[in-house]
Amino acid sequence: MGKRNLDRLPAIFNILSKAFPNYEDRPQQREMAEEVLRCFDNNKGLLIEAGTGVGKSFAYLIPAILSRRKTIISTSSLALQDQLVGKDLVFLQKALPQKFSFGILKGKNNYVCLKREREYTGTGNSYERFRGWLAKTKTGQMAELPFIPEFWPEVCGDPQDCNGRKCPFYVPCFYYRHYRGLHKKDILVVNHHLLIHDLLSDFNILPFHEQLVIDEAAEVEDVISRVLGSRLTYSRTMWLLYRLKGLKIIVDHLFADVKAFFDRGDIDSGPVFPIPAHVTELLRGLREKFAVDKTLSTLDKQRKSAADDEIKDRIETTIGFLKSFAGDVDDFIGQADANKVYYMEVSGTTLEFKSNLVECQIPFQILIDKYDSTIMTSATLTSGGNFDFLKKRLGIQDFEEKVIGSPFDYKKQSLLYIDKNLPKPDRANEKIFQQESLGVMEDLISASRGRTLVLFTSYRHLHFAAENITIPYPFKSQGDMPPARLIEWFKDTPDSVLFATATFWQGVDIKGDKLSLVIIDKLPFSSPADPLYQERCKRLGKRWFYDLALPSAILKLRQGFGRLIRGRNEYGVVAILDRRVVESSYGPTILSSLQEVNITHSVEDVRQFFA
């Protein structure tokens, strides 16, 4: 079967070139497809970097289709999920002679929960708009909403408040109505968070585990770290109190105590780790006030005597929620797991407790052992020309390796602007850098006549720019609407500007002259205040910068760079507003990791490029 599948590839690509008028035949795409299909057929693992323009989505989707084996495709973002399902797989299903089916699965928090919506009491215009949408929606997906209601966390699905088949709303449930048909699909597109939650559930979420493709694979380590960590927040605690009160558990006396505990103005806004002893003692005292064992016993008696299915479901999910809550509280009190970093920080006006897994090699190995073949790909997987950084971070062994370059002529098609006059964007200069960089952004956006994606390394800088910038072009910011709708708005709105961070650094495909300028505010080094980053650096000792800080920043910078040129006939400018690229000792390492491109330090050259 393996050789026969490989022999079929040329004919498949010939079909694509005939069926798709704008399809660019790329030897690099064919080469990648061959590598992926060969590893599928031989049950091998593969690390494959495919430069921007290779068309890696088709290069792993076509082998998945030809293999006739059930395949999970995991992406780093909801935006890329939507792109694969709404565009790429739809096209392949129409164009290819081989029949196949596909589906998409997002986390429960992306769907409205009929049970939780029924419990929620809302008022106001936003709630009325939401109710109008709910009466018409067929899918219940947040991505369908033209806005993001502030109360969405109160009405969306929550794994800890879900009783699955036992829920009275199981049959009409938007999530499960969608989920029930997925085991029949040949290809299922998920995101990394769902992939790791499947690992956490002992592989009881995803409907099959044969072949796995991890796109934007460099993001997996941080997702594992977050999902296998835990969170304790004011909103989570208050939700539990209100649920207990609704079940006639006497908790009125706890509301003030919980508010006083989490609403602490005496703690710095930045992360604090480890969690100080006096805070864990206060947390211990709060746990005792919940009288967990007594409350669980009372709930169990209620459950046994409950006649109403909705009440019984509510009690059962509350028991599970309370056990999880108590387990996390005990974890934060003890801080005993040597492979976790525990910390607290103020979010908004309230205190949050968080933990993250420091080293992720073991859970990653458990994950890939579940599949016959795992393909890890991205336009940016190497740092310094090899896969060593990723292999060390995830403990990868015995994977085949391949680097496939971009088919684009970057010297001809693009220009790299590096600002040398702005203040160095370190902590001491943060405010003046934000203020002065605003003028440079305005000049650059004017030169490109809009058509700009501005990538920030922090939400703080993003919000500052969005609130203070003066440009004659329409613009929106990440968070104004769901990611997929935001990208569609950008594509459909002439000369528009999009301010973004986080997930928009990778996986966003905007072709043509809709996007002609990508501005990157500064080198995407991890924050020194990040406890997880601090702990990883500490464990690396003197090797922390060259083994972690620099390769991580290079990978992310390359991801941002890759948002620009998406076709052979496209032209554009990448602008980096961080002078360290040309002034620091590690600057040459960074520049050598980027595409070979002409460099300028003059905005006038940018104007001439677009003239």
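Hydrogens, waters and symmetry mates play no part in the numbers below; they use all other heavy atoms, side chains included.
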Practice item. With sequence neighbours excluded, tell me which residues meet salt bridge (Lys or Arg N to Asp or Glu O under 4.0 Å) with R284. Key: E281
Is there any salt bridge (charged side-chain N to carboxylate O under 4.0 Å, His left out) pair reaching into [range], and which pairs are they, with sequence neighbours excluded?
{"range": "residues 195-215", "result": "K56-D215, R69-E210"}
{"range": "residues 228-257", "result": "E119-R243, D161-R243, R236-D328, K245-D252, D257-K289"}
{"range": "residues 171-180", "result": "none"}

Review point. Side-chain contact, heavy-atom cut-off 4.5 Å: H178 with L105?
Key: yes
Check your understanding: Aromatic rings F130 and F151: how do their planes relate, parallel, tilted or perpendicular, breaks at 30° and 60°?
Key ->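 Rings of F130 and F151: perpendicular, as their planes differ by over 60°.
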Review point. Using the ring of each side chain (for Trp, its six-membered ring), is F332 parallel, tilted or perpendicular to F353, with breaks at 30° and 60°?
Key: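 F332 vs F353 ring planes: tilted.
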**Study point:** Candidate pair F203 and H209, rule ring-ring contact (aromatic ring centres under 6.0 Å, His included), full reasoning
**Key:** CA-CA 8 Å; F203 301 102; H209 304 84; 5.4 Å; yes
Check your understanding: Between K312 and E310, is there a salt bridge with N-O shorter than 4.0 Å?
Key -> no
Could you list the donor-acceptor pairs under 3.5 angstrom formed between side-chain atoms of residues 337-344 and any protein atom two or more places apart in sequence or on another chain?
unit_1, atom_1, unit_2, atom_2, d
D337, OD1, N339, N, 2.9
N339, OD1, E359, N, 3.1
N339, ND2, E359, O, 3.0
K340, NZ, D331, OD2, 3.1
Y342, OH, D331, OD1, 2.8
Y342, OH, D337, N, 3.3
Y343, OH, N356, OD1, 3.0

Exercise for review: Could you tell me which residues satisfy side chain to side chain contact (heavy atoms under 4.5 Å, CB included) with D369, sequence neighbours excluded, listed by chain and number?
Suggested key: Q365
Exercise for review: Give the minimum heavy-atom separation between V189 and Q81, together with the two atoms involved.
Suggested key: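 Taking every non-hydrogen atom into account, O-NE2, 3.1 Å.
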